[in-house]
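Right, one structure below, let's go through it.
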Amino acid sequence: MLQNGRLPESLLVFVVGILSDKLDGFLARKLRVEKGMFGRIIDPVSDRIFVAFSFLGLYLTPLKTDVSFFAVFFTLGQDILLAPVGAYIAIKRQRAVVSLLGKLATLYQYIFVLLLLTVNLTGFSLNPEPFELLLILFNLLSAGHHLYLWLLKGRSGVF
């Protein structure tokens, strides 16, 4: 859709995707529905796939204000590194461990995509570099914190 120049529809699909993910989590907590092992693994994996396709779409589509290779590389690189390790840890320990930094990084990734889609839709001129540097910083901090929680802290029996 994005590659066909349909920015309003792309923005709508992205917003609906974010809202449906948040509604799912809210309803699960409100109704006290506990996810099984499959749900604990597939929910964060589907979030990461959603983010990955969003960034790839922005990168592969010629836009007035686009995303750099480095922003996409660090966003997808974090996911490629963390997804298999996170799934393994969740299966081994029978629970998923998600860090606050990971949640903040995902929130900022959502904001970043929304910003780029909105800027391109409205035709505003914006230098994305400061926003990309913050994105890369969040991705690196999140990846490092997850690895610390899963690998180093996990060995000491803290969780």
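Predicted model only: the values in this text are computed from it and were never measured.
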Q: Specify the closest pair of heavy atoms between Gly17 and Ser20, including all atoms of both residues, with the distance to one decimal.
A: O-OG, 3.0 Å

Q) Are Phe74 and Glu132 close enough that some pair of their side-chain heavy atoms sits under 4.5 Å apart? A) no

Q. Of all residues at least two apart in sequence or in a different chain, which pass the side chain to side chain donor-acceptor pair (under 3.5 Å) check with Gln109?
A. Arg48, Asn139

(Q) Is any side-chain heavy atom of Phe50 closer than 4.5 Å to one of Ile18? (A) yes

Q) Under a 4.5 Å cut-off applied to non-hydrogen side-chain atoms, are Val113 and Phe14 in contact? A) yes

Q) Any chain of hydrophobic side-chain contacts (each under 4.5 Å) joining Val51 to Ile111? A) no

Q.
Can you confirm whether Phe55 sits close enough to Leu135 that some side-chain heavy atom of one is under 4.5 Å from a side-chain heavy atom of the other?
A. yes

**Q.** Min side-chain heavy-atom separation Val72-Leu58 under 4.5 Å
**A.** no

Q.
Side-chain heavy atoms nearer than 4.5 Å, only ILVMFWY residues, links allowed to pass through others: does that put Leu104 and Tyr110 together?
A. yes

Q | Heavy-atom check, side chain of His145 versus side chain of Leu141, under 4.5 Å | A | no

Q: Kindly give the heavy-atom pair with the smallest separation between Ser142 and Gln78, and that separation in Å.
A: OG-NE2, 3.4 Å

Please tabulate, for the side chains in residues 116-128, all donor-acceptor contacts under 3.5 angstrom to protein atoms that are two or more places apart in sequence or on a different chain.
{"residue": "Thr118", "atom": "OG1", "partner": "Leu114", "partner atom": "O", "Å": "2.7"}
{"residue": "Asn120", "atom": "OD1", "partner": "Lys64", "partner atom": "N", "Å": "3.1"}
{"residue": "Asn120", "atom": "OD1", "partner": "Thr65", "partner atom": "N", "Å": "2.9"}
{"residue": "Asn120", "atom": "ND2", "partner": "Thr65", "partner atom": "O", "Å": "2.6"}
{"residue": "Asn120", "atom": "ND2", "partner": "Leu116", "partner atom": "O", "Å": "2.8"}
{"residue": "Thr122", "atom": "OG1", "partner": "Thr118", "partner atom": "O", "Å": "2.9"}
{"residue": "Thr122", "atom": "OG1", "partner": "Val119", "partner atom": "O", "Å": "3.3"}
{"residue": "Asn127", "atom": "OD1", "partner": "Glu129", "partner atom": "N", "Å": "3.1"}

Q | Note, Asp66 side chain near Thr61 side chain (heavy atom, < 4.5 Å) | A | no

Q) If Ile, Leu, Val, Met, Phe, Trp and Tyr residues are connected whenever their side-chain heavy atoms lie under 4.5 Å apart, and connections chain through other members, are Phe112 and Val16 in the same group? A) no

Q) Under the ring pair (Phe, Tyr, Trp, His ring centres under 6.0 Å) test, which residues partner Phe138, sequence neighbours left out? A) Tyr108

